[in-house]
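Here the structure is laid out as structure tokens; the discussion comes afterwards.
Order of the sequence lines sets the chain letters (A, B, ...), proteins ahead of strands, with each chain counted from 1. For the numbers below, each heavy atom of this structure counts, side chains included, while hydrogens, waters and symmetry mates do not.
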Amino acid sequence: MSELPPRFNFTEVEAKWGKTWEDNQIFHATPKPGKKPYSIVIPPPNVTGILHMGHALNNTLQDIMIRYKRMNGFETCWMAGTDHAGIATQNVVEKQLAKEGKTRYDIGRDEMLKRLWSWKEQYGGTIINQLKKIGSSCDWPRTRFTMDDGYSDAVQEVFIRLYEKDLIYRGKRIINWCPRCQTALSDEEAEHKETQGNLYYIKYPFKDDLNKFITVATTRPETMLGDVAVAVNPNDERYKGTLDKKLILPILNRELRIIKDELIDPAFGTGAVKVTPAHDPNDFVMGTRHKLDFINIMNPDGTLNEEAGRFAKMDRFKARAAVIEELKNLELLEKIEPHTHAVGHCYRCNTVVEPYLSWQWFVKMKPLAEPALKAVVDGTIKFHPDRWTKVYTNWMENIQDWCISRQIWWGHRIPIWYCDCPKPIASRTAPTKCPNCGGTKFTQDEDVLDTWFSSWLWPFATFGWPKDNADLKFFYPTNSLFTASEIIFFWVSRMVMAGYEFMGEAPFKDVYIHGTVRDAKGRKMSKSLGNALDPLEIINEYGADALRFSLIMNSGQDLFISKEKFEGGRNFANKIWNASRLVLLNTKPENKNIPQPPVTNDLASQWIVSEFYLTLAKVMNAIDDYRFSEAENAIYDFFWKNYCDWYLEISKNKFSDEKIQQTACFILKESLRMMHPFMPFVTEELWQNITEGEKPLSLENWPSAKTNIKFVNPDAVKQMETLINLVSAIRNVRSQFNIKPQESIECHFSANDTQSKNLLNSNAEALQALVKIKDVQVHDSLPAMKDAVAGVVDSIKFIVPLSGLVDLAKEKEKMRQEITLAEKSIAGISQRLSNEAFTSKAPAEIIEKEQATLTQRQQRIKELEEVLENLN
RNA sequence: GGACCCGUAGCUCAGUUGGUUAGAGCGCUUCCUUGACAUGGAAGAGGUCACAAGUUCAAGUCUUGUCGGGUCCACCA
């Protein structure tokens, strides 16, 4: 019946199945009593996101797992959704506004929010649609957004609960400030990058003697305008006796104290440090400790304010140059040294962040971290690969309070209300009357919450928490989390904390951390570098199955990807397609859907069935252990090498045998099941062609390794191996002597044992077909020949007469070389076996193995020598 | 300054608890368009497992050090 074209038309097939699966909602999961749940939450991509290779890899991995579990009978829920990405989204819409020459302040908060929502409605589905293209079998009807009504309730609830537990507080502290986004950032959101800067040495004159100085070193000279002191280490001899003196701050001529503080490292710079309590975290600590003034010299946009005197309104970097210029004029700049140091950059816009003193909201993390740390230490939650455990625990052990307030508008507004009294009110709705002062006029806090303050609730808020409901009960906790190492701190660790705090248990059991996708040169793929491969382009050119397959095939630690790598996946998909064509063309309808492998004497059939189940077991072990590329390799080898190159090659001439039809089709179908999680589209299409559409393969069962292990026939595996080696050996002869493929050759065999003889006789047809020999002549001993090449495979000898072609001496020499090699090996083994230390210490099975090898080698030499005698 | 990872064939990587003569894909060489597939088939070349020392009967695999590459964390101004 099959009219399959010779090329797998992935574009058509993917469109068809993508739509069919979705229209029928076949991946939608609901609580089902008696069924085991298996759930995964997607790392919600930014709503502003465009699919990149990292997403493609991340989603492929999750999809393999979820399809595998689905086929294994679990009620699988893969939660999909997007993250409102506060700063990123606001930036996008602000850019639109800028085109109209406006800022968000021009249009006001309400109007800005309207614009943000309409942007979201219009473009927010982009990434979700792209995820569908790669075949992600998410529970799409459940798709969530972190600013959905229900989800927002969860965020508010969490804030209020933590506030009431005193785990959220407001404080005036130094935080990371992005002058471009004009908001506070958490420590994690400030990316430290090695930056080439300078260390400026500035002379601060003594008040009582303006010709004497203390020299301080700084990387940010403009901050001197906010200096209130100079600090030295209490044990630093150089500055003994200066402590009761005063210094004069150059330019502004402010009087400065000299303080001593343990924080100062005498070995760095000059050992004297300018103290700017409002613009440096260390200085802030000292400022508090020594009761210094906190002089803020900067506006939120990074320009200097009136505290900076005549530098006011100047951008911070221009001010830096101007201050240096001025100091030069005053002859107070001692020197400038090049200095590399780590400078914080905004993770959204890459602007250099400023340590900035301001009122912000913080979460006390230590109490939350405790159970989250314990869970990983005691193995309740496992990282794969294991080495990430340490990264996680190290962060947890040194956890700092989390700055959660953002001075932007897109996000969950902080549910805090202020009246006239000092204690604000945390409330789910606008309060009407203050319980303390009786006030009735309230204003809500202007800030919104960090986006991660909503993402950390993802594993349970998506299922409807805080409402108690059946979905949550059934699907929480989820099973595994698949993500990149970059967001271990942002997301993974915080989800664990939230899980314990609000659900009382871990949100997942396994955390699989996959590699970073890099280009062929090892650079991270990024838009700005221009080295990014677009997954959608790859899908168009090679197909989604190819994209998936090649990504997994290439995933070791990090992935080094270039476009050509996807050819491998495409070729494999095409191979599956064409093997199926061959089988379908030759299989009668009644032989297509038999439930188990037929009983047959055909060696190759017994062998391929055995190999299938051995592969299946290997694949399952690998998936269960998150070793996806290993699973895929096993599949690839089995299908291409064993099934196509050997089984189908042997069987294609024997399709008149119904048992061959049945076996070939049976193994094809079982392979399609096994391959489906990896390459869902091509397998689904072929499955439908074979079964004629009873049920989508996506909902079929995965073949059972356990109940089918009985079909593995070790003897057949061994015999087939001999046959394969024999064929290869004879082909080698053909190739060496340049015998044309069309030309049949003469070949004689001999064997001492009946099993080998049987093997030859019963597979004569296969031998003839695979190596083009005239007929299979089996003798008791090999006929002696002059012009011939001979060889031994296991216990089968063969000789190919090749009149006029053979250099006998050379042939003999080759065989002697092999004998020498075997002799060397024997010598090594004998030495080991006669070594008392070895025989007494090595385990019995190793000794047995060595002995077996020894006998095998001896046998081989004997046989090679025998064959050598035939060549004369 | 701390922590982690990597160094195996020309390239990208496997190599599970130490155990024969170390594997795959791509690339390369030679041959082959016989109706599943040239996005294919067959045969082949190519590695003193970065280096050094140590542990062991036995090291690509374990330990230490050196060199080279990468990543993360950290308030040295």
> Where is the tightest heavy-atom contact between A:K618 and A:A634, given as atom of each residue plus distance?
Replying inline: CD-CB, 4.1 Å
>> Applying a 4.0 Å non-hydrogen cut-off, can you work out what A:P843 is touching in the nucleic acid: base, sugar-phosphate, or nothing?
In response: base
>> Side chain of A:R387 only, heavy atoms from C-beta on: which candidate in B:A36, B:C4, B:A77 is closest?
In response: B:C4
> Among all residues two or more places apart in sequence or in another chain, which pass the side-chain contact (heavy atoms from CB on, under 4.5 Å) test with A:D625?
Replying inline: A:R627
>> At 4.0 Å (heavy atoms only), tell me whether A:E649 reaches a base, stays on the sugar-phosphate, or touches nothing.
In response: base
>> Starting the side chain at C-beta, find the nucleotide from B:A36, B:C76, B:A74 nearest to A:E194.
In response: B:A74
> Picking from B:A43, B:C4, B:U20, which would you name as closest to the side chain of A:S735?
Replying inline: B:A43
>> Quick check for you: among B:C75, B:U39, B:G19, whose closest atom lies nearest to any side-chain atom of A:P281?
In response: B:C75
> Can you find an N or O donor on one side and an acceptor on the other, under 3.5 Å apart, linking the side chain of A:E632 with the base of B:A24?
Replying inline: no
>> Base, sugar-phosphate or nothing for A:T839? Non-hydrogen atoms, less than 4.0 Å.
In response: nothing
> So what does A:K575 hit on the nucleic acid, given a heavy-atom distance under 4.0 Å: a base, only sugar-phosphate, or nothing?
Replying inline: base
>> Say we look at B:A52 and B:A59: how far apart would their P atoms be, to the nearest angstrom?
In response: 15 Å
>> What contact category does A:N586 fall into here, base, sugar-phosphate, or nothing, at under 4.0 angstrom with non-hydrogen atoms?
In response: nothing
> For A:W640 and B:C37, is the shortest distance between a side-chain N/O and OP1 or OP2 below 4.0 Å?
Replying inline: no
> What nucleotide among B:A77, B:U39, B:U21 has an atom nearest to a side-chain atom of A:H339?
Replying inline: B:A77
> Ignoring hydrogens and angles, does a donor from either the side chain of A:R857 or the base of B:U21 sit under 3.5 Å from an acceptor on the other?
Replying inline: yes
>> Closest approach to the side chain of A:K740, judged atom by atom: which nucleotide of B:C75, B:C72, B:C31 is it?
In response: B:C31
> What does A:K652 touch in the nucleic acid at a heavy-atom separation under 4.0 angstrom: a base, only the sugar-phosphate, or nothing?
Replying inline: base
>> Classify the ring geometry of A:F572 against A:F549: parallel below 30°, tilted from 30° to 60°, perpendicular beyond 60°.
In response: tilted
